[in-house]
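Shown next, in structure tokens, is the structure this report addresses.
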Amino acid sequence: MLRQRIMTALGLGPLFFAAIILLPVWAVEALCLCLSLLFLYEYWGIVHSGTGRGGSLISVKLMAYLMFGAAPPILHWMLDGNLPYSGWLFIYLVFSLLMVMVTYDSLNAPFNSLSIYLFGFLYMSMFLFPAFGILDLAQGRVLITYLLVVVFSGDIFAYSVGKAFGRHRLCPEISPKKTVEGALGGLSASLIFGGLYAHLFIKGFGAPMGILLAGGLGAFAQLGDLMESILKRTYGVKDSGWFLPGHGGFLDRFDGVIFALPVFYTVLQVLQNG
């Protein structure tokens, strides 16, 4: 398991970072869209696991769900990002309602279904639209990479420190394997690597700002990790997918990024306008 985890990280990690740094901005945005749709696909697999529903109906629902998920970001490109995020939220609410009206096979609890669809859309959009916004900034690629360094270094050290030294359970009812020691180790790594990266690569930031931001982003990333743990525990699922051997699915790997991205984008907007 650990060997698979390391091999996958060493094989795909450099390629992913190289793509963000070297590809044209439109291609990086397309990569973000593909990732978001993979999140939505894996989320669908979690919430429909063990339901006994099968066959063509699930396939039709899934195709409609992914198409609705892709529509707003494509419109975002066409409109050059001029529609505010609140507009996209309303569109996703309408799409969620359409999913219930057109494909729901039992109206005994329509709001349960509505909430499941809407949360999935909002979950993926928490990653997608802030990523678009950051990529439009002057140092967009560098800033996105900084966030990934903060979150991924925190993930790696939380896992390693928790496995080696973990004694006190963090949230045993939600995720029995997470420990206080692991959380502190992950947060420390986020502070160190975030501060170092900001000092070396982000103009106008410096180490103190990089460390301060890394602390907040690392904390929100751990909340995102716990959020996905709640989701998986609710539906009795171990991993969100199988795309990344040793890691599970893309949602497992990016759950912290999904929560940290909108916080980071909001902070950057405040700094830019201040």
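Note that the structure is a prediction, hence the values are computed from the model and not measured.
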Going through the checks in order, is the side chain to side chain contact (heavy atoms under 4.5 Å, CB included) test met by I258 and M124?
CA-CA 8 Å; I258 291 172; M124 67 159 276; over 6 Å; no
Run the side chain to side chain contact (heavy atoms under 4.5 Å, CB included) test on V142 and Y197 for me, step by step, so that the C-alpha distance in whole Å, both residues' side-chain angles and the decisive distance to 0.1 Å come before the verdict.
CA-CA 9 Å; V142 176; Y197 183 93; 3.6 Å; yes
Show the numbers, then the answer: is there a side chain to side chain contact (heavy atoms under 4.5 Å, CB included) between I144 and L261?
CA-CA 9 Å; I144 287 284; L261 250 177; 4.2 Å; yes
W88 vs L75, side chain to side chain contact (heavy atoms under 4.5 Å, CB included): CA-CA, chis, key distance, verdict
CA-CA 10 Å; W88 302 124; L75 288 173; 3.7 Å; yes
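In this structure, S125 contributes its side chain and L122 its backbone to a donor-acceptor pair below 3.5 Å. For the pair D252 (side chain) and G249 (backbone), a donor-acceptor distance under 3.5 Å is present. Judged purely by atom type and a 3.5 angstrom limit, R141 uses its side chain to pair as donor or acceptor with the backbone of I20. Not one N or O on the side chain of K178 forms a donor-acceptor pair closer than 3.5 Å with the backbone of L170. Of the possible polar contacts, one joining the Q222 side chain to the A183 backbone as a donor-acceptor pair under 3.5 Å is found. With Q139 contributing its side chain and I202 its backbone, the two residues share no donor-acceptor pair below 3.5 Å. In this structure, the side chain of E42 engages the main chain of L251 through a donor-acceptor pair within 3.5 Å. The main-chain N or O of V150 is found under 3.5 Å from a side-chain atom of S153 such that the two form a donor-acceptor pair.
For the pair V28 and P24, the minimum side-chain heavy-atom distance is 4.5 Å or more. Residues M227 and D255 are not in side-chain contact: their nearest non-hydrogen atoms beyond the backbone lie 4.5 Å or more apart. Within the 4.5 Å cutoff, no side-chain heavy atoms of M99 are placed close to those of F95. Side-chain contact between S188 and F157 is absent, with no heavy-atom pair separated by less than 4.5 Å. In this structure, E29 and D136 have side chains that are in contact, with non-hydrogen atoms separated by less than 4.5 Å. Considering only heavy atoms from C-beta on, Y43 comes within 4.5 Å of L231 through its side chain. Side-chain contact between L213 and F205 is present, with heavy atoms from C-beta onward closer than 4.5 Å. Residues V151 and L217 form no side-chain contact, since every pair of their non-hydrogen atoms from C-beta on lies 4.5 Å or further apart.
Rounding to the nearest 0.5 angstrom, the gap separating the CG atom in L93 from the CG atom in L114 is 6.5 Å. Distance OG/S229 to NZ/K177: 11.0 Å, rounded to 0.5 Å. For the atom pair CZ of R169 and CD of E181, the computed distance is 9.0 Å after rounding to the nearest 0.5 Å.
Aromatic ring pairs are classed by plane angle as parallel below 30°, tilted from 30° to 60° and perpendicular above 60°; the pair F152 and F17 is perpendicular. Note on ring orientation: taking the six-membered ring where Trp is involved, the planes of F132 and F129 are perpendicular (angle over 60°, cut-offs 30° and 60°). Ring-plane geometry between W44 and Y117 is classed as parallel, the angle between the planes falling under 30 degrees on a 0 to 90 degree scale with a further cut at 60.
Atom OH of Y92 sits in a crowded spot, with more than 12 heavy atoms from other residues, nucleotides or ligands closer than 6.0 Å.
For the pair S36 and F127, the tightest heavy-atom approach, listed with the atom from each and the gap, is OG-CD2, 3.3 Å. A pairwise comparison of heavy atoms in S190 and G154 identifies OG-CA, 3.5 Å as the closest pair. Closest of all the heavy-atom pairs between G194 and A214 is CA-CB, 4.1 Å.
Just one of F16, Y123, F259 meets the ring pair (Phe, Tyr, Trp, His ring centres under 6.0 Å) condition when paired with F254; it is F16.
F193 and I21 fall into different hydrophobic clusters, defined by Ile, Leu, Val, Met, Phe, Trp and Tyr side-chain heavy atoms under 4.5 Å apart, directly or through other members. When hydrophobic clusters are built by joining Ile, Leu, Val, Met, Phe, Trp and Tyr residues whose side-chain heavy atoms come closer than 4.5 Å, directly or via intermediates, M67 is not grouped with L33. Residue I230 is not grouped with residue V47 when hydrophobic side chains (ILVMFWY) are merged at heavy-atom distances under 4.5 angstrom, including chains of intermediate members. Placement of I174 and F220 in two distinct hydrophobic clusters is found when ILVMFWY residues are connected by side-chain heavy-atom separations under 4.5 Å, directly or transitively. Following chains of ILVMFWY side-chain contacts shorter than 4.5 Å, one can reach I116 starting from L98, so the two form part of one hydrophobic cluster.
Aromatic rings from F250 and F39 are positioned such that their centres are separated by 6.0 Å or more.
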